[in-house]
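Labels below follow one simple rule: chain letters A, B, ... track the order of the sequence lines, proteins then strands, and each chain is numbered from 1.
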Protein chains: 2
Amino acid sequence: MAKAIQQRALKTRAKLLDAAQAVVFEQGFEALRVEEVVKRAGVAKGTFFAHFKDKDALMDQLIGTEMNRHLDQIATLEPPKDIDSLIEALLPGMQLATRERYVFDVILRHSGAAANAEIGPIASTFARNVEVLANWLARGPFRKDIDPVLMADGVGAFQIQAMALSFCAIHNGEPMESMMKRYLEAWLLPKSEG
Amino acid sequence: MAKAIQQRALKTRAKLLDAAQAVVFEQGFEALRVEEVVKRAGVAKGTFFAHFKDKDALMDQLIGTEMNRHLDQIATLEPPKDIDSLIEALLPGMQLATRERYVFDVILRHSGAAANAEIGPIASTFARNVEVLANWLARGPFRKDIDPVLMADGVGAFQIQAMALSFCAIHNGEPMESMMKRYLEAWLLPKSEG
DNA sequence: TATTAAAATTGACCACGGTCACTTTTCTAG
DNA sequence: CTAGAAAAGTGACCGTGGTCAATTTTAATA
């Protein structure tokens with residue numbers, strides 16, 4: 001049996017990722033074409049698909065890596081002590097995820113991985129996000145009647161909702177910030193019992 | 001100026017929709033091909049795109065119509081008197097929306113319409129869903145500290161979340177039903193104040 | 001009825017993601 | 001060093017969504 005993975009392959013993969021990143025930097029995610037990537041990387045088209053299952057897998061890698069890097073910073077912050085500072089911490093990531101409609105669609109598509117083998121960067125970022133949030137929420141001045149993980153799940157659901165609606169014409173351009181404030185006050189600081 | 005819209009065009013559109021529905025019935029949404037639709041409808045490919053902006057618009061129409069029909073039935077029900085019966089009312093629609101991964105992706109993509117002109121069947125179903133829900137929630141034994149519309153928005157967000165996670169390998173096959181129960185008890189019947 | 005402009009339709013064509021049988025390179029075993 | 005097997009890479013080819021200049025059909029008007 002020959003060596004499992006060769007240096008050559010790693011270099012090729014790196015070239016592909018570099019080329020893709022360059023295209024995205026210059027023209028955005030939506031304009032990215034596989035043909036352009038392989039041309040810049042100086043490899044054949046087939047090589048691309050030997051390294052990435054499909055174009056979406058490359059997007060997962062590019063976007064997920066960026067989200068993860070961002071989450072690394074977030075994770076070092078102090079647990080927010082109120083809803084406003086929680087939102088302040090969450091907003092940059094949400095803006096990253098919604099800078100292009102196309103990017104948000106990719107994220108939605110990958111937020112629930114279809115199979116165990118397919119858990120990619122974006123899906124695992126979501127999992128980490130819940131961890132970080134749960135940690136924060138457990139330490140903050142929020143409701144105590146439910147599991148922090150459930151609270152975190154809910155915040156995630158409202159983040160998705162606010163991001164989706166930010167593209168929606170019906171809600172004429174209400175900023176995500178104010179939507180989140182409404183949602184999170186009701187979710188994290190309910191004022192009465194049923 | 002000639003007549004604004006001709007009978008011929010309406011017939012063609014109907015033929016296209018019929019053909020598409022037949023394909024979906026036989027092979028599911030994922031397998032639907034524009035070429036197959038125009039072949040069955042007996043028209044040229046270009047005609048398809050004169051009637052639908054793109055393949056997604058046809059999907060919007062097919063799926064949205066179905067969702068709307070379902071919502072019509074739901075809307076006639078009595079307001080649920082507890083969380084279990086609320087979930088019971090919501091589940092069939094959620095199962096409809098998740099019968100194929102592809103269908104759910106289409107729904108996600110259309111749940112927030114990109115522009116005023118683009119509010120299609122799926123997006124408007126979401127709007128109606130909030131209306132119906134808000135009505136129910138206002139009459140039910142649920143929290144009274146927030147606007148019913150906000151409550152309904154939240155239920156919608158949790159529906160999306162539960163549907164997305166139902167495809168997710170990390171949450172190994174927890175049924176939507178039990179996820180919804182956890183979410184809605186915490187959202188609609190919070191037991192303490194922050 | 002003849003004219004004619006807008007509406008409707010056509011199908012050759014293109015763009016782009018993805019496949020696969022084949023070639024080249026790499027590494028290990030003998 | 002060599003043989004050979006696995007890994008890596010190649011590029012012609014295909015499927016399918018989408019475009020558009022040209023053609024046909026419709027119906028209002030003179």
Side-chain angles (χ1 to χ4, degrees), chain A residues 1-20 23-24 26-63 101-103 105-106 109-110 114 118 120, chain B residues 1-20 23-24 26-63 100 102-103 105-106 109-110 114 118 120:
Chain A
M1 175 186 71
K3 189 173 162 189
I5 193 163
Q6 302 174 5
Q7 287 302 314
R8 177 174 54 147
L10 293 177
K11 273 204 168 177
T12 301
R13 189 188 163 88
K15 275 194 290 184
L16 285 167
L17 283 169
D18 285 350
V23 174
V24 167
E26 290 167 26
Q27 302 167 250
F29 284 89
E30 175 136 40
L32 188 136
R33 298 284 171 269
V34 172
E35 305 224 1
E36 178 69 17
V37 172
V38 298
K39 187 177 144 201
R40 292 197 191 202
V43 300
K45 205 172 187 178
T47 302
F48 178 93
F49 292 98
H51 285 268
F52 301 96
K53 180 179 163 288
D54 50 26
K55 188 184 166 185
D56 238 39
L58 170 66
M59 291 298 180
D60 188 10
Q61 195 65 49
L62 293 175
I63 296 171
R101 169 83 219 202
Y102 176 76
V103 169
D105 283 343
V106 172
R109 227 176 300 132
H110 287 82
E118 291 172 26
Chain B
M1 173 188 70
K3 191 173 164 189
I5 193 164
Q6 301 175 6
Q7 288 302 314
R8 178 174 54 147
L10 293 178
K11 275 203 167 178
T12 302
R13 189 188 162 89
K15 276 193 291 183
L16 286 167
L17 283 171
D18 285 350
V23 174
V24 167
E26 291 166 26
Q27 303 169 249
F29 283 91
E30 175 137 40
L32 188 137
R33 298 284 172 268
V34 173
E35 304 225 5
E36 177 69 16
V37 172
V38 297
K39 187 179 145 199
R40 293 197 189 203
V43 301
K45 204 171 187 178
T47 302
F48 178 93
F49 293 98
H51 286 268
F52 300 97
K53 182 178 161 290
D54 51 27
K55 188 184 167 186
D56 237 39
L58 170 65
M59 291 298 178
D60 189 11
Q61 195 65 49
L62 293 176
I63 296 170
E100 282 182 47
Y102 176 76
V103 168
D105 283 342
V106 172
R109 227 177 301 131
H110 286 82
E118 291 172 27

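- Remark: C1' of C/dT26 and CD of A/Gln7 are 12 Å apart, rounded to the nearest angstrom.
- For A/Glu35, the side-chain atoms get nearest to C/dG17 when compared with the rest of C/dT9, D/dG9, C/dG17.
- The distance from atom NZ of A/Lys39 to atom P of D/dG11 is 15 Å, rounded to the nearest whole Å.
- Rounded to whole Å, atom C1' of D/dC13 lies 14 Å from atom CZ of A/Phe49.
- Taking the side chain as every heavy atom from C-beta outward, A/Leu58 and A/Leu32 approach each other to under 4.5 Å.
- No side-chain heavy atom of A/Phe52 sits under 4.5 Å from any side-chain heavy atom of A/Asp60.
- Counting heavy atoms from C-beta outward, B/Leu16 and B/Val43 have side chains that approach closer than 4.5 Å.
- A/Asp105 has a carboxylate O that lies under 4.0 Å from a charged side-chain N of A/Arg101, or vice versa, which qualifies the two as a salt bridge.
- When distances are taken from the side chain of B/Arg33 to each of C/dG18, C/dG17, D/dG17, the shortest belongs to D/dG17.
- Nearer to the 5' terminus of DNA chain D, by closest-nucleotide assignment, is the contact made by A/Val43 (compared with the other of A/Val43 and B/Lys53).
- Following rounding to the nearest Å, A/Tyr102 (OH) and C/dC16 (C1') show an atom-to-atom distance of 12 Å.
- In this structure, B/Phe52 places its CZ atom 14 Å from P of C/dA8, rounding to the nearest Å.
- Rounded to an integer number of Å, the gap from B/Gln6 CD to C/dA7 C1' is 5 Å.
- As judged by a 4.0 angstrom heavy-atom cut-off over every strand, A/Ala50 is placed among residues making no nucleic acid contact.
- At C/dT9, one or more side-chain N or O atoms of B/His51 fall inside 4.0 Å of OP1 or OP2 (strictly under the cut-off).
- Which of D/dG9, C/dG18, D/dG17 sits closest to the side chain of A/Ala9 comes down to D/dG9.
- The residue A/Lys45 sits close to a base: some heavy atom pair falls under 4.0 Å.
- The side-chain heavy atoms of B/Glu26 and B/Glu36, taken from C-beta on, include no pair separated by under 4.5 Å.
- Rounded to a whole Å, the NZ atom of A/Lys55 is 15 Å from the P atom of C/dA15.
- Nucleic acid contact class of A/Leu10 (heavy atoms, under 4.0 Å, all strands): none.
- Map A/Phe48 and B/Arg8 each onto its nearest nucleotide of DNA chain C; the residue landing nearer the 5' end is B/Arg8.
- Checking the phosphate oxygens (OP1, OP2) of D/dA8, no side-chain nitrogen or oxygen of A/Thr12 falls inside 4.0 Å.
- Look at B/Thr47 and you won't find any side-chain N or O under 4.0 angstrom from OP1 or OP2 of C/dA8.
- Residue B/Ile5 contributes atom CD1, which lies 14 Å from atom C1' of C/dT9 at whole-angstrom precision.
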